[in-house]
Amino acid sequence: MIVRRTAKVVVLGVWLLITIFPLYWVVITSLKPKSEIFSMPLRYWPEELTFEHYAELFSFADFGRYLLNSMVVALVSAAVVTVIGVLGGYVLARFDFPGRGALMLAFLVTQMIPLFIALGPLYLLMSDMELLNRLPGLMVVYIAMLVPFCTIIMRGFHERVPAALEEAAQVDGASRLQAMVRVIIPVMLPGIAATFIFAFVQVWNELFLAITFIDSEDAKTVPVAMNSFITQYDIDWGSMAAATVVSVIPTLVLFAAIRRYIVEGLTAGAVKG
C-alpha cells in the first residue's frame with residue numbers, strides 16, 4: 001500500500017512538473033534581458049529580472065488596444081452563443097418535432113467540416129457585406145461557428161434537468177418561458193458557465209479566422225498581434241513571452257470568478273427523494 005501511494009505521488013509529481021515547466025519557462029523568458037534569452041548554457045533563472053518586454057509591449061505595440069478588442073469580441077460572442085445555445089438546447093430537449101434528428105445531425109456534421117473549405121466563400125461574403133477589418137464581422141463569424149456545438153452541449157444539460165421542475169412551476173401559474181428563466185436556468189448555471197467558458201476560450205485563442213478577416217491595426221485581436229512578432233528573419237521571443245503571459249490573465253480571472261458554478265452539482269438538492 002505504501003509503495004503504491006509513493007509511486008502515485010511520484011508519478012503525479014513528475015506529471016505536474018512536466019505540465020508547469022512550459023508555463024514557468026514562458027514567464028521567465030518574459031522577464032529575461034534580451035542578452036540572456038539565447039544564452040548557452042540555458043539559464044533557468046535570469047541574473048537580472050527585467051520588465052522591458054512588458055514596457056515595449058504596451059508602449060510600442062499598443063497591446064492594450066489588442067487586449068480590449070479581444071475582450072469585446074470574446075465576451076460578446078460567448079454571451080450571444082450561450083444565450084442561443086440555452087434556447088436552442090431547450091427546444092431540442094423538450095420538443096419533439098419533424099426534422100429534429102436531421103437538425104442535430106446537421107449540427108454535428110458542421111463540426112467535422114474543415115474550416116478552410118468555407119474560407120473562400122466566407123471571405124467573399126464578408127467582403128460584400130463590408131465586414132472585413134471590423135470587429136462586429138468577426139463576432140458574427142465566431143457566433144455562427146460556435147452555435148451548433150454549444151447548442152448540442154446545452155441540449156445535454158437540459159435533458160439532465162428533471163421535467164418535473166418545469167411542470168411544477170407551470171402548475172403554480174408560470175408560463176413556459178417563466179419556468180425556464182426562474183427554475184431551469186438557475187439549476188443549469190454550472191452547465192451555462194461551462195458553455196460560456198468554452199465559447200470564450202475558443203474565441204480568445206482563435207487565430208486562423210482573425211488573421212484572415214482582420215488586417216487593420218485598430219481591429220487586431222491578441223492572437224493576430226502576437227503573430228506579428230514572427231517576421232521573415234526573426235522572432236521577438238521576449239515580447240512574445242510577455243504577450244503570452246498577459247493574454248492568459250483574463251482567462252484565469254474568468255475561471256476564478258465562476259469556478260464555483262463549474263464544480264457544483266447540476267441538480268444537487270433540486271429534487272427531493
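Scope of the values below: all heavy atoms of this structure, side chains included, with no hydrogens, waters or symmetry mates. We count residues from 1, following the sequence as given.
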Count the heavy atoms belonging to other residues, nucleotides or ligands that lie under 6.0 Å from [atom1] of [X], then report whether that count exceeds 12.
| X | atom1 | result |
| --- | --- | --- |
| Tyr24 | OH | yes |
| Asn227 | CG | yes |
| Phe149 | CZ | no |

Does any part of the side chain of [Y], heavy atoms only, come nearer than 4.5 Å to the side chain of [X], both counted from C-beta?
| X | Y | value |
| --- | --- | --- |
| Gln202 | Met145 | no |
| Lys8 | Leu12 | yes |
| Leu31 | Thr50 | no |
| Ser70 | Pro223 | yes |
| Arg94 | Val161 | yes |
| Phe213 | Leu131 | no |
| Leu57 | Phe229 | yes |
| Val91 | Phe97 | yes |

Task: Phe200 and Trp204 aromatic ring geometry - parallel, tilted or perpendicular at 30°/60° bounds - done: parallel

TODO: Just say parallel, tilted or perpendicular for the rings of Phe63 and Phe58, cut-offs at 30° and 60°.
DONE: perpendicular

Are any side-chain N or O atoms of [X] and backbone N or O atoms of [Y], one a donor and one an acceptor, separated by less than 3.5 Å?
| X | Y | value |
| --- | --- | --- |
| Ser228 | Ala225 | yes |
| Gln178 | Met180 | no |
| Asn69 | Val222 | no |
| Ser127 | Tyr123 | no |

- [ ] Could you go through the side chain to side chain contact (heavy atoms under 4.5 Å, CB included) check for Tyr66 and Thr221 one step at a time?
- [x] CA-CA 5 Å; Tyr66 307 145; Thr221 57; over 6 Å; no

Kindly compute the distance separating [atom1] ([X]) from [atom2] ([Y]), expressed to the nearest 0.5 Å.
| X | Y | atom1 | atom2 | result |
| --- | --- | --- | --- | --- |
| Thr244 | Ile249 | OG1 | CD1 | 11.5 Å |
| Tyr54 | Ser30 | OH | OG | 2.5 Å |
| Asn133 | Lys220 | CG | NZ | 10.5 Å |
| Ile184 | Leu189 | CD1 | CG | 11.5 Å |
| Ile28 | Trp45 | CD1 | CH2 | 4.5 Å |
| Met226 | Met240 | CE | CE | 5.5 Å |

Open item on the list: If the threshold is 4.0 Å, N to carboxylate O, is there a salt bridge linking Lys32 and Glu52?
Closed with: no

If hydrophobic clusters are built by linking Ile, Leu, Val, Met, Phe, Trp and Tyr wherever their side-chain heavy atoms come under 4.5 Å apart, do [X] and [Y] end up in the same one?
| X | Y | result |
| --- | --- | --- |
| Tyr142 | Leu207 | no |
| Ile211 | Met139 | no |
| Leu49 | Val26 | yes |
| Val248 | Ile197 | no |
| Val183 | Phe157 | yes |

For a quick test of reading the model, state the closest non-hydrogen atom pair linking [X] to [Y] and the distance between them.
| X | Y | result |
| --- | --- | --- |
| Arg134 | Ile214 | N-CD1, 3.7 Å |
| Ala79 | Phe196 | N-CE1, 3.6 Å |
| Ile185 | Val181 | CB-O, 3.8 Å |
| Ser77 | Val203 | CB-CG2, 4.0 Å |
| Ala219 | Leu135 | O-CD2, 3.4 Å |
| Ile143 | Val81 | CA-CG2, 3.7 Å |

Task: Pair Met129-Leu125, side chain to side chain contact (heavy atoms under 4.5 Å, CB included): steps then yes or no - done: CA-CA 6 Å; Met129 298 176 64; Leu125 179 62; 3.9 Å; yes

Task: side chain to side chain contact (heavy atoms under 4.5 Å, CB included) assessment of Val140 paired with Met126 - done: CA-CA 10 Å; Val140 170; Met126 295 279 287; 5.8 Å; no

- [ ] Walk me through it: do Leu23 and Val27 pass the test side chain to side chain contact (heavy atoms under 4.5 Å, CB included)?
- [x] CA-CA 6 Å; Leu23 301 177; Val27 174; 5.6 Å; no

